[in-house]
Amino acid sequence: MEKSGLLEIIAAHRTGDPLDEIMAKDKDYQDALVQQQVAFDMLDELELTKEQRSVIDQAITANNHFGAVYGAAAYRFGLEDGIKVRVEMDEILKS
C-alpha cells in the first residue's frame with residue numbers, strides 16, 4: 001500500500017502514547033495481556049534449552065512484527081476509507 005504523507009502524520013499522532021492510553025482502559029486488550037503472560041509462564045515452566053528458547057523467541061518476534069505491520073497497513077487502509085466516505089458525503093450533500 002502506498003504511504004501518503006498526511007496519512008502517516010495522522011497515524012503517528014494516533015498511535016504511541018494516545019493509543020497506549022486507550023488500550024490501558026480496553027478490557028479485551030487487558031484480557032489478551034493476561035493470556036499472553038499465562039502462555040509465557042507456561043513456556044518458562046518447560047525449562048527449555050537456550051537454543052530452544054531462542055527459536056521460540058524468533059518465532060514470537062516474527063509473529064509480533066507481522067501483526068504490527070499488518071495492523072499499521074489496516075489502520076492506514078481504514079483511514080483512507082474514512083476519508084473517501086467523507087469526500088463522497090460532501091459530494092452528495094452538495095448535489
Which residue pairs pass the salt bridge (Lys or Arg N to Asp or Glu O under 4.0 Å) test when at least one of the two sits in residues 55-69, sequence neighbours left out? none
Which side chain to side chain donor-acceptor pair (under 3.5 Å) pairs, counting each pair once, include a residue from residues 58-74, with sequence neighbours left out? Ser54-Gln58
Is Tyr29 reachable from Leu19 through a run of hydrophobic residues whose side-chain heavy atoms are each under 4.5 Å from the next? yes
Suppose we screen for side chain to side chain contact (heavy atoms under 4.5 Å, CB included). Which residues come up paired with Ile56, at least two apart in sequence or across chains? Leu43, Leu48, Ile60
Would you list the pairs meeting salt bridge (Lys or Arg N to Asp or Glu O under 4.0 Å) in which at least one residue belongs to residues 36-51, sequence neighbours left out? Asp44-Arg53
Which residues pass the salt bridge (charged side-chain N to carboxylate O under 4.0 Å, His left out) test with Asp81, sequence neighbours left out? none
Tell me, which pairs form a salt bridge (Lys or Arg N to Asp or Glu O under 4.0 Å) where one or both residues lie in residues 28-40, sequence neighbours left out? Lys27-Asp31
State, to 0.1 Å, how close Gln30 and Met23 come at their nearest heavy-atom pair, and which atoms those are. NE2-O, 3.0 Å
Partners of Gln36 by side-chain hydrogen bond (donor to acceptor under 3.5 Å, both in side chains), sequence neighbours excluded? none
Tell me, please, which residues at least two apart from Leu93 pass side chain to side chain contact (heavy atoms under 4.5 Å, CB included). none
